[in-house]
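Take a look at the structure set out below.
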Amino acid sequence: MTKINSYWLMKSEPDVYSWDDLVAEGEGTWDGVRNYTARLNLRAMQVGDEVFFYHSNIGVEIVGIAVISQEGFQDPTDETGRWTSVKVKPVRKLKRPVTLKEIKADPALAEMELLTKFRLSVSKVTEAEWNHVLALAGG
DNA sequence: GCCAACGTTGGC
DNA sequence: GCCAACGTTGGC
């Protein structure tokens, strides 16, 4: 059975939770999301889906690739039971980070949800966009 | 630190 | 159910 994976992008402020924090921890719980659109994405995620790890505020760039290690469970920081978390594991750091500036400057990436829904903390990435960003990162 | 974008809340 | 006020996010 072939499993078709999806691609995502998750934002984190590096002074709160950085790529290095994720690597140090080995596995991170993506909790605290309180936005319905982001929740839709969290619930659509499947184990094995790959995720760009993006640093907002400081750096403002995609720094690494992570993978969903546990899909859709109730957010442990939520008392109402309405919100969803996933767990992620680091896969590898990009050879070279891809900055928001570069993404904005690239016509092939103009439709990325990172740009069109920039306030969304968890967004979708198409396969074409995924491959394009990887190419920019030098593999 | 400022401000624009936009999601959420609550009064009516 | 509309919409104004408010709060939060995130780039600069």
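Residue numbering restarts at 1 for every chain, and letters A, B, ... go by the order of the sequence lines.
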*Interatomic distance where CG belongs to D15(A) and C1' belongs to dT9(C) [whole Å]*: 13 Å
*Let me know the distance between CZ of R34(A) and P of dG7(C), rounded to the nearest Å.*
18 Å
*Within this structure, what is the CD1-to-P distance between I62(A) and dG10(C), rounded to whole angstrom?*
14 Å
_Under 4.0 angstrom between Y54(A) side-chain N/O and dT9(C) OP1 or OP2_ = no
*Could you check whether K101(A) gets within reach of a base, just the sugar-phosphate, or nothing at all, counting any heavy atom under 4.0 Å?*
nothing
_I need the CG-P distance between N35(A) and dG7(C), as an integer number of Å._
18 Å
*What ring pair (Phe, Tyr, Trp, His ring centres under 6.0 Å) pairs are there with at least one residue in residues 64-120 of chain A, not counting sequence neighbours?*
Y36(A)-W83(A)
*What integer distance in Å separates L120(A):CG from dA5(B):C1'?*
13 Å
*Which part of the nucleic acid does N57(A) contact within heavy-atom distance under 4.0 Å: base, sugar-phosphate only, or nothing?*
base
*Can you sort out the partners of T37(A) under side-chain hydrogen bond (donor to acceptor under 3.5 Å, both in side chains), two or more places apart, ordered by chain and number?*
none
*asked:* Distance criterion of 3.5 Å, no angle test: do you see the side chain of R119(A) paired donor-to-acceptor with the base of dT8(C)?
replied: yes
*Can you check the E61(A) CD to dG10(C) P distance for me, whole Å?*
16 Å
*Can you tell me the distance, in whole Å, between the CZ atom of F118(A) and the C1' atom of dG7(B)?*
12 Å
*Over how many whole Å does the gap from E113(A) atom CD to dA5(B) atom C1' extend?*
16 Å
_Just N and O in the side chain of K11(A): are any of them under 4.0 Å from OP1 or OP2 of dG10(C)?_
yes
*Can a side chain N or O of K117(A) be found less than 4.0 Å away from OP1 or OP2 on dG10(C)?*
no
_Name the residue from I65(A), L109(A), L9(A), L114(A) that meets the side chain to side chain contact (heavy atoms under 4.5 Å, CB included) definition with V133(A)._
L109(A)
*Using 30° and 60° as the class limits, which term best fits the ring planes of F52(A) and W130(A): parallel, tilted or perpendicular?*
parallel
*Okay, side chain of D78(A), backbone of R82(A): is any donor-acceptor separation there less than 3.5 Å?*
yes
